[in-house]
*Asks:* 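Let me begin by handing over the structure; questions about it come next.
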Amino acid sequence: MEGCHDAGCDPSEIDAEDTLALVGCPNVGKSVVFGELAEQYVDVSNYPGTTVDTTLAEFGDYTLTDTPGVYGISSFSEEERVTRDIVLETDAVINVVDATHLDRDLFLTLQLLDMGIPTVVALNMMDEAEADGIDIDVEALEAALGVPVVTTVAIDGEGFDELRKRVPEATAPEQTAIDEFYDELPEQLEADRPEKTLLVEGDEELPTAFDVGGVMADGGSPALVESGLREEIYSQRRSRVQSIADSVQTVTRTDDSIAERVSDLMINPLTGTPIALALLGLIYYFIGDLVAQRLVDTLEGELLGPHYIPAVESFVAGLLPDVAWLEPLEFLLINDNLGLLTVTVQYVIGTLLPLVVAFYLAISVLEDSGVLPRLAVLTDRGLNRIGLNGRAVVPMIVGVGCVTMAVITTRMVGSKRERTISTALLGLAVPCSAQLGVIMGLMAGLGLIYWFGYLGILLVVLGVVGVFLDRTLPGQSESLVTELPRMRAPRPGNILRKTYNRAKMFLREAIPLFAGTAVVVSVLDYVGGLAAIKDGLRPLTALVGMPADFGQILVLGLIRRDFAAAGMTDMALSSAQVFIGLVVITLFVPCILSMVMILKERDAKSAALMWLGSWVTAFTVGGVLAAAFGVFG
Amino acid sequence: MAEVLGDVDSGEFVRLADVPDGDTRARLLRLGFLDGTVECRHHIRKGPVIVRRNGTELALGADLADSIEIERPRPEASD
């Protein structure tokens, strides 16, 4: 596959007139189908105005779009809104249907056909259906739906020649059972069939405004159709689905599969908890130890530190004439704190890139194996107590590897309220692996009792702040509603493709943010702003029983968390002061990159409150500990 | 007082009769969980209830499960 991706081309370079979207429920193999069909890979990016990823590629005469997995088209979630908008614009769709879940997936198929979207059905996972004792009469299904149906086994590339051949046959029945409901809409409404379908189904966010008798009504406004129509339409569509599924498939009951037994073990708290702890340990070992410590240490300490940085410094020094007015520029480019060409590049390549790749590899494996929703089930009860549901376990796991990465994964926890709580807790009480490495080294000199004390304080802060946020933020947290997909061994090719796409997109967004931050910090450093900040922190360092030099640690902590912990190794401190200092720098604001990411993912007000809240919590807890230990700065 | 999904033990078959939240009802309807009887695969103590219908498994949080009224179908009515 010759990819223009490597050449960095953009979607506008696709020479295709028509658009084709891949639409299907979650975990039906859409991405694998996409990979098989894409002749020229183009771009992965957030859908405009959202945090949901979509991927574009060229396929024959079409621009092919991979949409997020959804069970139906409406506006129940950001994924659904994105899919709805793409479907309303596309010329045709390939509807990927899981042959083992025909009854579930045909709802979306019939909805697409009700909307009049030209459709070809790719009946995927035929191998698993056969193994499950499910026999599907494909010709009967094609006749019942009135559109082409092609059987595929995406992971083995089976059926794709036929699928490519039949895409131009994409069609939709001219009339379906939905027609009778269109009478419920105002006669003068000028909407096309897809819009009418969504309107009678009560879609609340159809962005088009319709002119109804001189009155502009938002599409889907309750005023357009009577309430309750959606349920009537959904019930009627479900009856049609049931009737088709019953007539085209024969199910011979098979014994519980190994995957099902593993799933049962994972869900049962008695067996699932040790399995989950072992998995988390494995992930921590991979991200937090192998990558964040060893690989990053090697890259930074043996490659970039001794070779790259001196080379760049001497290059810049040689390039810029030794004149006073160029000094600020030279400082900006190569200063030791956050030089644009030195430390910034060292972070991005030496720290960020390995962490990003490791993180996305681990998450992709957990996603593709079906482990994540089962972890959500196991932790739901505990997380409910702090206003979250089980889905919030993922950011917490990831946060111990890297808080910056974890902030992105808060997208999967549900409502805005839950995202805010989980982001605040991440920024406050979850130490990242880089920091944990140094902290563990310092704690080793203090003894086990301090280590347990440290963990206990973090858990208490996590619980208290979680309960506080749950009780003060407006609204109610959403209950857990999550499908448990079949557990299966992840496919390396799919894992690598996902990791590559996601890491590339992350870096494309993060690098400019990080570079901008580096410029601001360097300018502040050059004009003496950082030194002034250190002086201004004296009252706070005294409050937590630390010497004035601890201000320098706090400033370093603002830039990078492990810098702060590492800085403490050079200070002459008592055991109690080391302990208090470590608690304070853990609760203290997350690193600059995490803060930038919080600002990007949340609004400025929330980010500012989280920043301020971290300061207040860190120095309150530090002050209480200083008083308890009787230490004074 | 009506029985709720939160009262159902693992292995029992029930019909989800009343789901108070409109959006959740629509989501369950789409997935076929309101079409007939569902199997309670697991009920984690004070935690989520996992229900299954036609091979699709869905985990519902404890609060939600406690708000969903159920009916116990007679054996001949189950499908």
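Numbers restart at 1 for each chain; the letters A, B, ... are given by sequence-line order, proteins then strands.
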*Asks:* For B:Glu57 and A:Ser263, which heavy atoms make the closest approach, and how far apart are they?
*Replies:*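 Scanning both residues, the minimum pair turns out to be OE1-OG, 4.3 Å.
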
*Asks:* Taking atom CG of B:Asn54 and atom CD of A:Gln242, what is their separation to the nearest 0.5 Å?
*Replies:*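 Rounded to the nearest 0.5 Å, the CG-CD separation comes out at 6.0 Å.
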
*Asks:* Looking at B:Asp23 and A:Arg230, what are the two nearest heavy atoms and their distance?
*Replies:*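 So the minimum-distance heavy-atom pair works out to OD1-NH2, 3.4 Å.
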
*Asks:* For B:Thr56, enumerate each residue passing the side chain to side chain donor-acceptor pair (under 3.5 Å) test, keeping only those at least two apart in sequence or located in another chain.
*Replies:*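 Partners of B:Thr56 under the side chain to side chain donor-acceptor pair (under 3.5 Å) test: none.
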
*Asks:* Considering only heavy atoms from C-beta outward, does the side chain of A:Glu260 approach that of B:Arg41 to under 4.5 Å?
*Replies:*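 In contact.
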
*Asks:* On a heavy-atom basis, which atom in A:Val481 and which in B:Leu64 lie closest, and how many Å separate them?
*Replies:*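 Taking A:Val481 first and B:Leu64 second, the nearest heavy atoms are CG2-CD2, 3.4 Å.
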
*Asks:* Checking A:Glu483 against chain B: side chain, backbone, both or neither under 4.5 Å from a heavy atom?
*Replies:*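 Both backbone and side chain.
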
*Asks:* Heavy-atom cut-off 4.5 Å, strictly under: side chain, backbone, both or neither for A:Asp103 against chain B?
*Replies:*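 A:Asp103 touches chain B through side-chain heavy atoms alone.
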
*Asks:* Taking atom CD1 of A:Ile267 and atom CD1 of B:Ile50, what is their separation to the nearest 0.5 Å?
*Replies:*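 Separation between the atoms: 4.5 Å.
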
*Asks:* Of the non-hydrogen atoms in A:Asp380 and B:Gly61, which two are nearest, and what is the gap between them?
*Replies:*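 Looking at all heavy atoms of both residues, the shortest contact is OD2-CA, 3.8 Å.
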
*Asks:* Less than 4.0 Å between a side-chain N and a carboxylate O, is that true for A:Glu80 and B:Arg30?
*Replies:*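 Answer for the salt bridge query: yes.
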
*Asks:* For A:Tyr234, is it the side chain, the backbone, both or neither that has a heavy atom under 4.5 Å from a heavy atom of chain B?
*Replies:*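 Both backbone and side chain.
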
*Asks:* How long is the gap from CG on A:Leu378 to CD1 on B:Ile44, to the nearest 0.5 Å?
*Replies:*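 Between A:Leu378 CG and B:Ile44 CD1, I get 6.5 Å after rounding to 0.5 Å.
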
*Asks:* Looking at A:Asn268, is its backbone amide N or carbonyl O close enough to the side chain of B:His42 to form a donor-acceptor pair, meaning the two atoms are under 3.5 Å apart?
*Replies:*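 No, because the side chain of B:His42 does not come within donor-acceptor range (under 3.5 Å) of the backbone of A:Asn268.
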
*Asks:* Which atoms of A:Ser239 come close to chain B, meaning under 4.5 Å heavy atom to heavy atom: side chain ones, backbone ones, both, or neither?
*Replies:*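 Neither part.
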
*Asks:* Go through A:Arg104, A:Gln111, A:Arg374 and name the one with the most non-hydrogen pairs under 4.5 angstrom from chain B.
*Replies:*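 Ranked by heavy-atom pairs under 4.5 Å with chain B, first place is A:Arg104.
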
*Asks:* So what's closer than 4.5 Å to chain A heavy atoms on B:Leu60: side chain, backbone, both or neither?
*Replies:*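 For B:Leu60, the contact with chain A is made by backbone and side chain together.
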
*Asks:* Sort B:Leu34 into side chain, backbone, both or neither according to what part of it lies under 4.5 angstrom from a heavy atom of chain A.
*Replies:*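 For B:Leu34, there is no contact with chain A at all, as no heavy atom is under 4.5 Å.
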
*Asks:* Determine the option with the most heavy-atom pairs under 4.5 angstrom with chain B, choosing from A:Glu478, A:Arg486, A:Arg238.
*Replies:*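 With the most close heavy-atom pairs to chain B, the winner is A:Arg238.
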
